[in-house]
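The block underneath contains the structure these notes are about, expressed in structure tokens.
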Amino acid sequence: MDKTIEFEIKTTKKYAAIITLILLLIFLTILFFGILLGTFKDIKNALGLIILTLYLTFIYRTFFWYLIGKEQVKITEDNLVILKKGTFFVKPKTYELLKIKNLRLKNIKFNFLNFFVSRSSTITLKSYGVIFFEYENETINFCEGNDMQTKKLINILETKINEKYASK
């Protein structure tokens, strides 16, 4: 019998990032249509249009994540599965419970300056989570939930991991 425990955690609204993304989307969308109209006159603009289209796609993806994003967390008998919902081009990330090390709480606050200057902020859908763990030489963080939800989730995770080690 497979006992799966599920949580759905809403991301906190980061209004400074949302406003910045709206302004960037307006500018880039106008630029996109300007280049699109110019593409029919000069084929050299096609490469610029392709690059801008890819970048614009990632900006829209990030915008939707900050606006309506949620993390769906599933804890199965053997795995922790995290899926970012509310945007597109995402796939669930699965972590084996036996490989999760150093599970801990750590509160990382959103910093607009870090968001604004980060080269990867529009590509990675970065979480400002409070649950951290080590997994195959990588630090993973997730869950921007409230304190009660976070404590319940980490207690369940710790219990499941300890059960896996005990049965091993």
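Numbers here are sequence positions counted from 1. The analysis underlying the following values was restricted to heavy atoms, covering all of them including side chains, and did not include hydrogens, waters or symmetry mates. Just so it is clear, the structure is predicted and the values come from calculations on it, not from any experiment.
Under a cut-off of 6.0 angstrom, the local environment of CZ in Phe89 is sparse, with at most 12 non-hydrogen atoms contributed by other residues, nucleotides or ligands.
Checked by atom type and distance alone, the side chain of Thr87 pairs as donor or acceptor with a backbone atom of Arg61 at under 3.5 Å. With hydrogens and angles disregarded, a donor-acceptor distance shorter than 3.5 Å links the side chain of Thr11 to the backbone of Gly69. Side-chain N or O atoms of Glu71 include none that pairs as donor or acceptor with a backbone N or O of Ile9 at under 3.5 Å.
The two atoms that bring Cys143 and Leu153 nearest to each other are SG-CD2, 3.9 Å, heavy atoms only. Across all their heavy atoms, Leu97 and Leu157 have their closest contact at CD2-CD2, 3.9 Å. The heavy-atom pair separating Thr53 from Leu49 by the smallest distance is OG1-O, 2.6 Å. Across every non-hydrogen atom of Tyr135 and Thr94, the tightest pair is OH-O, 4.3 Å.
In this structure, CG on Leu80 lies 9.0 Å from CG on Leu103, to the nearest 0.5 angstrom. In this structure, NZ on Lys70 lies 4.5 Å from CD on Glu8, to the nearest 0.5 angstrom. In this structure, CD1 on Ile5 lies 8.5 Å from NZ on Lys152, to the nearest 0.5 angstrom. With rounding to the nearest 0.5 Å, the separation of CG in Leu56 from CG in Leu28 is 5.5 Å. One finds the CG atom of Leu105 at 6.0 Å from the CD1 atom of Ile131 (value rounded to the nearest 0.5 Å). In this structure, the separation between CD1 on Ile18 and CG on Leu25 is 11.5 Å, given to the nearest 0.5 Å.
Applying the side chain to side chain donor-acceptor pair (under 3.5 Å) criterion to Gln149, with sequence neighbours excluded, gives no partner residue. With sequence neighbours excluded, no residue forms a side chain to side chain donor-acceptor pair (under 3.5 Å) with Glu138. Looking at residues two or more places apart in sequence or on another chain, you find no side chain to side chain donor-acceptor pair (under 3.5 Å) involving Tyr95. With sequence neighbours excluded, the residues that form a side-chain contact (heavy atoms from CB on, under 4.5 Å) with Gln72 are Glu6, Lys74, Leu83, Lys85. Checked against side-chain contact (heavy atoms from CB on, under 4.5 Å), Lys106 has the following partners two or more places apart in sequence or in another chain: Ile108, Phe132. Under the rule for a side-chain contact (heavy atoms from CB on, under 4.5 Å), the partners of Asn102 that lie at least two apart in sequence or sit in another chain are Arg104, Glu134. Every residue two or more places apart in sequence or in another chain was checked for a side chain to side chain donor-acceptor pair (under 3.5 Å) with Lys13, and none qualifies.
Using a 4.0 Å cut-off between charged side-chain N and carboxylate O, Lys14 and Glu144 make a salt bridge.
Under a 4.5 Å side-chain heavy-atom cut-off, the cluster of Ile, Leu, Val, Met, Phe, Trp and Tyr residues that includes Ile19 is completed by Leu23. Grouped with Val81 in a hydrophobic cluster is no other residue, since no side-chain heavy-atom contact under 4.5 Å to another Ile, Leu, Val, Met, Phe, Trp or Tyr is found. Taking Ile, Leu, Val, Met, Phe, Trp and Tyr as members and joining any whose side-chain heavy atoms lie under 4.5 Å apart, directly or through other members, the hydrophobic cluster of Leu47 also contains Ile51.
The stretch residues 5-36 participates, sequence neighbours left out, in no ring-ring contact (aromatic ring centres under 6.0 Å, His included) pair at all. Residue pairs meeting the side-chain hydrogen bond (donor to acceptor under 3.5 Å, both in side chains) criterion with at least one member in residues 158-167, sequence neighbours excluded, are Glu77-Lys160, Asp78-Lys164, Lys101-Tyr165.
Clustering ILVMFWY residues whenever any of their side-chain heavy atoms sit less than 4.5 angstrom apart, transitively, puts Ile50 in a cluster other than the one holding Ile30. Hydrophobic clustering places Ile156 together with Leu98 (ILVMFWY residues linked when any side-chain heavy atoms are closer than 4.5 Å, directly or through intermediates). Linking Ile, Leu, Val, Met, Phe, Trp and Tyr whenever their side-chain heavy atoms come within less than 4.5 Å puts Ile100 and Val130 in one cluster. Note: the hydrophobic cluster containing Val73 does not contain Ile68 (ILVMFWY, side chain heavy atoms under 4.5 Å, direct or indirect links).
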**Request:** Evaluate the criterion side-chain contact (heavy atoms from CB on, under 4.5 Å) for residue pair Phe88 and Thr57; output intermediate values, then yes/no.
**Result:** CA-CA 9 Å; Phe88 49 91; Thr57 302; 3.7 Å; yes

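Taking the side chain as every heavy atom from C-beta outward, Thr20 and Phe63 never approach each other to under 4.5 Å. Using a 4.5 Å heavy-atom cutoff, the side chains of Ile75 and Thr4 are not in contact.
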